[in-house]
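Take a look at the structure below.
Remember, predicted model here, so these are calculated numbers, not experimental data. Residues take their numbers from the sequence shown, with the count starting at 1. Only this structure's heavy atoms are used, side chains among them; waters, hydrogens and symmetry mates stay out.
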Amino acid sequence: MLLKMKRVNPPIYNQYYINTGDGPTVILLHGLFGNLNMWLPLVNTLKKEHRVIIPRLPIFDLPVEHTNIKYLVQVLHEFIEWNKLTNVTLVGHAIGGQVALWYAHLYGSNVRKIVLSGSAGLFENSPFISEEYNPERDYNYVHEKVKDAFYQADLVPDQLIEEIYQAVQSIPKRLTLGTLARSSKSLSVSPILARLIQPVLLIWGLQDKITPPEVALHFHDLLFNAEVKFIDNCGHLPMVEHPEKFTEYVLQFLNRVEPVKSNLKSTSSDD
């Protein structure tokens, strides 16, 4: 059973990064190193027909006893409830995907559709949250590891490298990352996936080293109503490396009228 937050009006973490557009609500959920710039191409397209919200997940602001995936799910619930958001579509990357899945499991009647990309919850291989990571490594080492998340190394944002470097140099932030990583690993989504009846779109890079394509296929096999879109020449962040293709897939999925529920699934790849 997930933890209940102490109710505060408004909730302590009732904060937006972005709140724009008008129409059906789409909530974008970032991972451990969420960077607003990675979502901007998607936001700029979706806001023409949708209300797009990026809430602030307080990953580095939680007390140690609440530094876990369960509490982040409750943070999201309080945010959605306070802002009276209904019938939402959740788009989650990395642990943002794991949070989206658990929210959909607990509050499924309020979730219309789900989009996952490089989602945590089954398997994730991050060099910055493993026990082997040495925080004394220099900036160049961090740069090389961040590049591993990309197929096209020239697309690695300098700002992202700096943010990750500063985070892993900070002892409190490093402890937070380790604590969340352990929570993510222990709170597998495997038991809940088959219970989710919402349509789920999986958008995955074929060259993703952090959550390899096999992870997407495993998600697909466990989910009741899912489809996979693979993007070639793409790593862990398809919304950065192939923003047009990523946005195209999301928009098609959001605008599609869903058929009567069935167990039929489809898998496709980018030509």
Quick check: closest heavy atoms across [X] and [Y], and the distance to 0.1 Å?
{"X": "Phe230", "Y": "Ala216", "result": "CE2-CB, 3.9 Å"}
{"X": "Gly31", "Y": "Ile95", "result": "CA-CG1, 3.8 Å"}
{"X": "Val52", "Y": "Leu46", "result": "CG2-CB, 3.6 Å"}
{"X": "Ile69", "Y": "Leu180", "result": "N-CD2, 4.2 Å"}
{"X": "Trp204", "Y": "Pro212", "result": "NE1-O, 3.5 Å"}
{"X": "Ile203", "Y": "Tyr249", "result": "CD1-CB, 3.8 Å"}

Interatomic distance, Ile197 atom CD1 to Asn225 atom CG [nearest 0.5 angstrom]: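 Between atom CD1 of Ile197 and atom CG of Asn225 there are 9.0 Å.
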So [X] and [Y], would you call those rings parallel, tilted or perpendicular, with 30° and 60° as cut-offs?
{"X": "Tyr17", "Y": "His30", "answer": "tilted"}
{"X": "Tyr103", "Y": "Tyr107", "answer": "tilted"}
{"X": "Trp39", "Y": "His93", "answer": "perpendicular"}

Check your understanding: Could Glu248 and Lys229 be called an ion pair, given the rule that one side-chain N must be under 4.0 Å from one carboxylate O?
Key ->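 Judged by the 4.0 Å cut-off on N to carboxylate O distance, Glu248 and Lys229 do not form a salt bridge.
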Are [X] and [Y] packed together at the side-chain level, in the sense that at least one heavy-atom pair is separated by less than 4.5 angstrom?
{"X": "Ser190", "Y": "Leu222", "value": "yes"}
{"X": "Leu106", "Y": "His77", "value": "no"}
{"X": "Val240", "Y": "Pro41", "value": "no"}
{"X": "Gln152", "Y": "His242", "value": "yes"}

Single-linkage hydrophobic cluster, 4.5 Å side-chain cutoff, Met38 and Tyr151 together: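 Met38 and Tyr151: separate clusters.
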Check: Side chain of Asn68, backbone of Lys70: donor and acceptor closer than 3.5 Å?
Finding: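 Side chain of Asn68 to backbone of Lys70, a donor-acceptor pair under 3.5 Å: yes, one is there.
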Practice item. Step by step, work out the side chain to side chain donor-acceptor pair (under 3.5 Å) result for Glu78 and Gln74. Key: CA-CA 6 Å; Glu78 293 284 333; Gln74 292 308 112; 5.3 Å; no
Derivation of the side-chain contact (heavy atoms from CB on, under 4.5 Å) call for Met239 and Leu42 | CA-CA 8 Å; Met239 69 290 295; Leu42 179 64; 5.9 Å; no
Ser184 and Glu124: side chain donor to acceptor below 3.5 Å
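No, because no side-chain N or O of Ser184 sits under 3.5 Å from a partner of the opposite role on Glu124.
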Item checked: For Asn19, all residues meeting side chain to side chain donor-acceptor pair (under 3.5 Å), sequence neighbours excluded ->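 Asn19: side chain to side chain donor-acceptor pair (under 3.5 Å) contacts with Arg51.
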